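The structure is given below, and queries will be raised subsequently.
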Protein chains: 2
Amino acid sequence: MNKVDIPAIIVARLPIYLETLELMYKEGIYKTSSRELGDRIGITAAQIRKDLSQFGEFGKQGTGYSIPNLVAELRKILHVDKIWDVALVGTGNLGTAIARYPEFNHRGFRIVMCFDSDPALIGTKVGDITIEDSATMIERIREANIKIAMLTVPGSIAQQVADDLVKAGVTAILNYAPVALNMPPDIIHVQHIDPILQLQQMTYYMD
Amino acid sequence: MNKVDIPAIIVARLPIYLETLELMYKEGIYKTSSRELGDRIGITAAQIRKDLSQFGEFGKQGTGYSIPNLVAELRKILHVDKIWDVALVGTGNLGTAIARYPEFNHRGFRIVMCFDSDPALIGTKVGDITIEDSATMIERIREANIKIAMLTVPGSIAQQVADDLVKAGVTAILNYAPVALNMPPDIIHVQHIDPILQLQQMTYYMD
DNA sequence: TTGTGTGAATTCCTTCACAGCG
DNA sequence: CGCTGTGAAGGAATTCACACAA
């Protein structure tokens with residue numbers, strides 16, 4: 001189970017499996033097969049079995065998979081069998097909306113700190129979190145030992161703030177700013193959310 | 001240049017090329033090579049050349065690519081050489097933040113209509129757009145001939161609203177709701193934005 | 001029978017390496 | 001020279017198909 005040799009493309013599918021299985025469980029379904037799960041997600045049954053076989057043998061021949069069991073295994077594999085504290089940097093429109101988004105709490109992540117550099121916002125609250133001054137960010141994140149940050153600042157300062165996050169000991173950044181971050185890939189993971197890239201993929205197929 | 005045989009994985013990279021080239025142009029750089037572009041993005045020069053060669057010959061041997069020219073070609077290929085009208089459905093925290101996000105306007109997309117079912121919101125404004133009643137959505141989208149929708153409604157009603165969007169003639173949905181939409185893939189394109197899936201990919205590599 | 005886990009076969013994607021042009 | 005565009009080679013990912021267990 002050496003992490004380095006699991007292809008990233010497989011890792012990217014595991015959260016989809018987990019999400020789907022959690023939904024099925026909520027619907028009152030407690031067992032499934034690779035076929036049924038694949039039909040829901042839109043991929044082949046063989047692919048699901050191959051992917052899961054990288055991590056262990058979670059199914060029973062003739063029977064399929066126990067959903068609670070597979071959910072627990074996937075949470076362990078993805079390290080979301082605990083709650084991760086997250087810092088949110090930038091509390092403009094988007095940052096505020098994310099801070100109020102309830103889903104994070106239910107699925108392994110808890111926003112525990114918010115930062116902004118706007119004096120008009122510092123000291124005000126988003127939900128029940130007080131917005132703190134970005135000037136204190138490095139220190140505050142380090143002493144709280146936070147490893148994950150969501151970045152919702154303007155593109156013009158995103159790189160600078162990301163550099164500060166690295167100094168603070170953060171090892172994962174979810175980047176909502178519309179710029180590619182230049183980061184040392186060996187010490188930090190970056191995921192980029194850019195809705196325009198996704199819209200442009202779709203317009204390719206449209207007239 | 002038959003669309004069906006261009007792999008989706010290549011189409012997914014084109015908007016990244018476009019975004020990067022647009023940024024370089026803003027920086028005052030007007031020509032580049034596959035090597036330089038690849039270094040910025042973090043992929044190989046050969047891959048960029050192979051990808052672009054699917055659509056034509058845009059470079060000059062010994063010289064590289066003209067950035068304005070390649071930007072124009074990519075916009076044509078991706079059909080963002082025009083402005084697409086977009087409908088936004090769901091004007092809660094997230095929808096409101098998206099409606100106010102300025103980037104869309106600069107990169108080929110214009111939000112022209114907003115819908116919500118909450119009587120307290122209908123008739124109020126987000127930016128300069130008046131929120132309309134979801135009950136009128138199908139008719140309004142159809143008569144405005146809008147083909148792209150962004151979906152920021154609660155997961156519990158996302159499937160129902162998406163079905164309505166199909167009835168309204170929409171052919172592309174950018175889905176922010178935390179559920180997989182079940183759609184006829186031959187008539188509609190769906191892209192899903194789920195920050196939790198991306199966070200969970202990163203925690204896989206963390207302790 | 002059903003449905004897993006897995007080698008083998010296949011398909012798909014990326015990289016190599018170089019002819020050829022400016 | 002420098003750098004593109006592209007066949008050929010190599011590598012990765014997916015799918016097939018079946019032994020085997022419940």
Side-chain angles (χ1 to χ4, degrees), chain A residues 1-17 20-21 24 29-74 77 185 201 204, chain B residues 1-17 20-21 24 29-74 77 185 201 204:
Chain A
M1 188 166 151
N2 189 352
K3 312 237 142 185
V4 296
D5 50 26
I6 304 282
I9 198 166
I10 292 182
V11 175
R13 281 192 292 264
L14 299 180
I16 300 171
Y17 300 162
T20 307
L21 290 163
M24 292 172 83
I29 307 169
Y30 301 120
K31 49 201 326 230
T32 189
S33 63
S34 57
R35 154 93 62 134
E36 186 185 30
L37 184 57
D39 285 348
R40 286 223 176 199
I41 297 171
I43 64 179
T44 65
Q47 179 151 78
I48 290 174
R49 293 202 302 276
K50 240 323 188 244
D51 285 353
L52 295 178
S53 74
Q54 302 289 314
F55 302 96
E57 308 195 354
F58 306 124
K60 280 198 172 49
Q61 287 165 327
T63 313
Y65 302 89
S66 149
I67 290 182
N69 176 58
L70 190 49
V71 162
E73 293 288 354
L74 284 168
I77 292 166
Q201 282 179 55
Y204 170 80
Chain B
M1 186 164 149
N2 189 354
K3 314 240 142 186
V4 294
D5 50 26
I6 303 283
I9 199 166
I10 292 182
V11 175
R13 281 193 293 263
L14 299 180
I16 300 171
Y17 300 163
T20 308
L21 290 162
M24 291 172 83
I29 307 169
Y30 301 121
K31 49 202 327 229
T32 190
S33 63
S34 57
R35 154 92 60 129
E36 185 185 30
L37 184 57
D39 285 348
R40 285 223 178 201
I41 297 171
I43 64 177
T44 66
Q47 178 152 77
I48 290 174
R49 294 201 302 277
K50 249 293 196 270
D51 286 352
L52 295 177
S53 75
Q54 304 287 314
F55 302 96
E57 307 193 357
F58 306 124
K60 281 198 171 52
Q61 287 160 328
T63 312
Y65 302 90
S66 150
I67 289 182
N69 176 59
L70 190 49
V71 163
E73 294 288 353
L74 283 168
I77 293 166
Q201 280 179 57
Y204 170 79

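A quick note: this is a predicted structure, and the numbers were derived from the prediction, not measured. Here is the naming used below: chain letters follow the sequence lines, and residue numbers restart at 1 for every chain.
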Practice prompt. Mind listing the closest non-hydrogen atom pair of B:Leu37 and B:Met24 along with its distance?
Written response: CD1-SD, 4.2 Å
Discussion item. Using a 4.0 Å cut-off on heavy atoms, which residues in residues 37-49 of chain B reach DNA chain D? List them by number, or say none.
Written reply: B:Arg49
Item to complete: Measure across A:Asp5 and A:Pro7 and return the closest heavy-atom pair with its distance rounded to 0.1 Å.
Response: O-CD, 3.4 Å
Item to complete: Give, ordered by number, those residues of residues 59-71 of chain A having at least one heavy-atom distance below 4.0 Å to an atom of DNA chain C; if nothing qualifies, reply none.
Response: A:Gly59, A:Lys60, A:Gln61, A:Gly62, A:Thr63, A:Gly64, A:Tyr65
Discussion item. Let me confirm one number: the CD1-OH distance from A:Ile10 to B:Tyr204, rounded to the nearest 0.5 Å.
Written reply: 9.0 Å
Worksheet item: If you pin A:Ile9 and B:Leu52 to their nearest nucleotides in DNA chain D, which one's is more 5'?
Response: B:Leu52
For residues 39-52 of chain A, tabulate all N or O donor-acceptor pairs below 3.5 Å that involve a side-chain atom, not counting sequence neighbours.
{"residue": "A:Arg40", "atom": "NH1", "partner": "A:Glu27", "partner atom": "OE1", "Å": "3.4"}
{"residue": "A:Arg40", "atom": "NH1", "partner": "A:Glu27", "partner atom": "OE2", "Å": "3.4"}
{"residue": "A:Arg40", "atom": "NH2", "partner": "A:Glu27", "partner atom": "OE1", "Å": "2.7"}
{"residue": "A:Thr44", "atom": "OG1", "partner": "A:Gln47", "partner atom": "N", "Å": "3.2"}
{"residue": "A:Arg49", "atom": "NH1", "partner": "A:Ser34", "partner atom": "OG", "Å": "3.1"}
{"residue": "A:Asp51", "atom": "OD1", "partner": "A:Arg13", "partner atom": "NH2", "Å": "3.1"}
{"residue": "A:Asp51", "atom": "OD2", "partner": "A:Arg13", "partner atom": "NE", "Å": "2.7"}
{"residue": "A:Asp51", "atom": "OD2", "partner": "A:Arg13", "partner atom": "NH2", "Å": "3.2"}
{"residue": "A:Asp51", "atom": "OD2", "partner": "A:Tyr17", "partner atom": "OH", "Å": "2.6"}

Response to the item:
d(B:Thr32 OG1, B:Leu21 CG) to nearest 0.5 Å is 7.0 Å
Worksheet entry | Leading and trailing nucleotides of DNA chain C with any atom under 4.0 Å from heavy atoms of chain A | C:dT2 to C:dA8
Discussion item. Once you apply a heavy-atom cut-off of 4.0 Å, does B:Ile10 come out as touching a base, just sugar-phosphate, or nothing?
Written reply: nothing
Worksheet item: If you walk 5' to 3' along DNA chain D, what is the first nucleotide with an atom under 4.0 Å of a heavy atom in chain A, and what is the last?
Response: D:dA13 to D:dA22
For residues 57-69 of chain B, dump all side-chain donor-acceptor pairs below 3.5 Å to protein atoms at least two apart in sequence or in another chain.
{"residue": "B:Ser66", "atom": "OG", "partner": "B:Asn69", "partner atom": "N", "Å": "3.2"}

